[in-house]
Every structure is written in structure tokens, then in C-alpha cells.
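In what follows, a structure is listed as C-alpha cells, so that the remarks can point back to it.
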Amino acid sequence: MNKNYILLILISLLVLSPKLYAQILPATCDVLVTDIDMWGDPARGVDLRAYTNSTLHWIGCPTDGCAPDDFFCDFDPNTETLSFGTTVDSALRAAVDPGNAEGDTMPNENTSENTVCDGCCCEQIPLFGVCNAPNADNNGVPIDAADALCFALGYESGSLTEVDSNSCPEANAITADGSDWTSDFVESAGYGETYTCVGFRHVPSNVIPTLSEWGLITMAGVLGIIGFIAIRRRKVTA
């Protein structure tokens, strides 16, 4: 087999592997943290779309509330722990998209400003208004929001700390596996300030590869086998 072909196979595997592993292993800061602008302002937070069926897009610090530099994310593979949130008592925000109505779109402006929504998320403008991060009350839904979020991210359990201030509506889980999120869009004091996830699960149930992702996995496996056979043949004939 041509040496260039073998090299191409190996490069393909290197390119595909991070994507494949990111889909099935517990989420880490390297995978989650993003510095994309939110609501037209600099921001730092965690991109959750791949783990929540794109119903809870993001949690973080978008300047309106906590500042980007206030956001932190720590991951320790030895203790199987992921933690993230804000280091100051200033509102941690969330972008929620009930029913995945807007697909993977991220809000690029706060269209709820100077409207009846008064700058926060509201029923009329669910995604493009600013929500607060989920708190322990979970808007009265009998589900532990931290457990649900961490389960979606590939962990056994979760906990959160909260601050009883800022009245923007909070995002809330409506399924215990964290695969579906919304908000009651009712103003109430409180937001989740930090989240801690503990204990790796083998495969997060809501990020099992789709058919297209299984196709990538299959292709990567086939390419790996071909490359292995070709290298062995070269050794035998050498």
C-alpha cells in the first residue's frame, strides 16, 4: 500500500478521534468552555447544546450580570469532578430554547431590551432574552436541576450553590436526565452561582451518537483496520 495513503489514514483517525471521544466521554472544560459573544457582548461560559438537545444552549457570564473574567471551569479526572460558575455574587446567566425552537442559534443581541420583557427572558422572547442560571428551586418542578445538568454532561450526580438575588426568570429542567429545559418566564429572585458534577458515567444517555456519528465511528474503525493491515504487510514483506 502506498506510504502516502497510510499517512492519510492515520491523519484521518487523529482528526476524527477527538470529535468521537467528545460525544461519549463525560464533558470536560476543554470541550465545554467557549468565549463566543452572547447577546452582543463579550462572554465566557459553557456551550451545552450538544448535551441538552439544544434546549439549554449556554450558561455563563455575558457582561450583563457577571463579567467574562469572573467565569471559571475546573476539571479533575482523578476525582472525576467538573465544576463551573462565577467567582462573584453577580448573576450567572443562561440561554434557554424550549423545544429547540431556534435550533443551534445563539443569541447575538438582547432583543428583549426596551420591550415588555424589560431586558430578561420572557414567554414572548424565550431564547433572545437573558435568563438566570437554574437554581435549587428549579421553578417548582420536582427535579434536581444540578443532578439533571450533570447527568446530561455524563456525571453521576450534581450540586449547586445559589444566590438569592436578581429577578430575571431562571432556566429549569423538565426531565431528570437533563435532555429537556425551559423556563416558567416568571421573575423571581435567585440564580445558580456554581455547579459541581461528580462521578463519571460511561455514556451520557442523551449524547449517544446519532446515525451520522455512528457512520464516522464506523469509518474511523475501518480506516484503522486498513492502516493496521497495511503496516503489518509492509513489515512482513520488508
Side-chain angles (χ1 to χ4, degrees), residues 32-49 52 55-74 82-98 102 106-150 152-153 158-174 178 180-197:
L32 294 172
V33 173
T34 178
D35 291 316
I36 62 173
D37 288 355
M38 294 292 291
W39 295 291
D41 291 317
R44 169 166 274 220
V46 286
D47 184 345
L48 303 169
R49 290 173 292 179
T52 63
T55 56
L56 178 62
H57 285 201
W58 181 90
I59 290 176
C61 295
T63 304
D64 176 3
C66 52
D69 288 345
D70 298 328
F71 187 82
F72 77 92
C73 186
D74 296 317
L82 170 76
S83 59
F84 59 87
T86 174
T87 58
V88 298
D89 291 342
S90 189
L92 188 69
R93 306 297 197 180
V96 65
D97 181 18
E102 301 293 338
M106 285 290 208
N108 55 19
E109 63 176 322
N110 187 0
T111 56
S112 63
E113 287 184 323
N114 302 317
T115 69
V116 67
C117 297
D118 196 27
C120 295
C121 63
C122 65
E123 190 171 3
Q124 294 88 340
I125 309 175
L127 173 64
F128 295 107
V130 177
C131 285
N132 279 344
N135 64 2
D137 177 68
N138 198 45
N139 288 337
V141 179
I143 291 172
D144 188 305
D147 274 347
L149 178 57
C150 290
L153 295 175
S159 61
L160 63 83
T161 62
E162 65 178 278
V163 175
D164 187 24
S165 66
N166 195 282
S167 61
C168 281
E170 303 88 10
N172 68 267
I174 56 178
D180 205 354
W181 295 78
T182 187
S183 174
D184 62 4
F185 301 110
V186 175
E187 292 192 0
S188 60
Y191 60 88
E193 183 178 55
T194 64
Y195 299 83
T196 301
C197 304

Just verifying a value: how many Å separate [X] [atom1] and [Y] [atom2], rounded to the nearest 0.5 Å?
| X | Y | atom1 | atom2 | answer |
| --- | --- | --- | --- | --- |
| Glu102 | Leu127 | CD | CG | 5.5 Å |
| Asn138 | Ile174 | CG | CD1 | 10.0 Å |
| Met106 | Met38 | CE | CE | 5.0 Å |

Check: [Y] main-chain N/O paired with [X] side-chain donor or acceptor under 3.5 Å:
| X | Y | answer |
| --- | --- | --- |
| Thr55 | Trp181 | yes |
| Asn139 | Val141 | no |
| Thr63 | Pro42 | yes |
| Asp37 | Gly40 | no |
| Asp74 | Ser83 | no |
| Glu162 | Ala136 | yes |
| Tyr191 | Ser90 | yes |
| Asp70 | Ala67 | yes |

Ring pair (Phe, Tyr, Trp, His ring centres under 6.0 Å) with Phe71: which residues, sequence neighbours excluded?
-> none
Check ring pair (Phe, Tyr, Trp, His ring centres under 6.0 Å) between Phe84 and all other residues, then give those that pass, not counting sequence neighbours.
-> Tyr195
Test Asn166 against Asn132 for side-chain hydrogen bond (donor to acceptor under 3.5 Å, both in side chains), laying out the working first.
-> CA-CA 8 Å; Asn166 195 282; Asn132 279 344; 3.0 Å; yes
Does the pair Cys131 and Cys120 meet the rule for a disulfide bond (SG atoms under 2.5 Å apart), with working shown?
-> CA-CA 6 Å; Cys131 285; Cys120 295; over 6 Å; no
Is the SG-SG separation for the cysteine pair Cys61 and Cys66 below 2.5 Å?
-> yes
SG-SG distance Cys121 to Cys168 under 2.5 Å = no
Check step by step if side-chain contact (heavy atoms from CB on, under 4.5 Å) holds for Ile59 and Leu48.
-> CA-CA 8 Å; Ile59 290 176; Leu48 303 169; 3.8 Å; yes
Here the salt bridge (Lys or Arg N to Asp or Glu O under 4.0 Å) pairs for residues 85-96, sequence neighbours left out, are Asp64-Arg93
Looking at side-chain heavy atoms only, is the closest gap between Pro169 and Cys122 below 4.5 Å?
-> no
Counterpart residues, side chain to side chain donor-acceptor pair (under 3.5 Å), relative to Thr194 (two or more places apart) | Thr161
Would you please name every residue forming a side chain to side chain donor-acceptor pair (under 3.5 Å) with Asn135, sequence neighbours left out?
-> none
Count the heavy atoms of every other residue, nucleotide or ligand shown that sit under 6.0 Å from CD of Gln124, and state whether that count exceeds 12.
-> yes
Return the set of residues passing salt bridge (Lys or Arg N to Asp or Glu O under 4.0 Å) with Asp47 (not counting sequence neighbours), or none when no residue passes.
-> Arg49
To check you understand the geometry: which heavy-atom pair defines the closest contact between [X] and [Y], and what is its length?
| X | Y | value |
| --- | --- | --- |
| Asp35 | Arg44 | OD1-NE, 2.7 Å |
| Ala146 | Asp144 | N-OD1, 3.0 Å |
| Gly45 | Trp58 | CA-NE1, 3.7 Å |
| Pro62 | Asp41 | O-CB, 3.5 Å |
| Asp147 | Gly158 | OD1-N, 2.8 Å |
| Asn172 | Asp184 | OD1-N, 3.6 Å |

Using a distance-only test with no angle check, is there a side-chain donor-acceptor pair under 3.5 angstrom linking Glu170 and Ser183?
-> no
Mind running side-chain contact (heavy atoms from CB on, under 4.5 Å) on Thr196 and Ser159 for me, showing each step along the way?
-> CA-CA 5 Å; Thr196 301; Ser159 61; 3.8 Å; yes
From CA spacing to verdict: side-chain contact (heavy atoms from CB on, under 4.5 Å), Thr86, Glu193 = CA-CA 6 Å; Thr86 174; Glu193 183 178 55; 3.5 Å; yes
In sequence, state the C-alpha distance, the side-chain angles, and the governing distance for Thr34 and Val46, and then conclude on side-chain contact (heavy atoms from CB on, under 4.5 Å).
-> CA-CA 6 Å; Thr34 178; Val46 286; over 6 Å; no
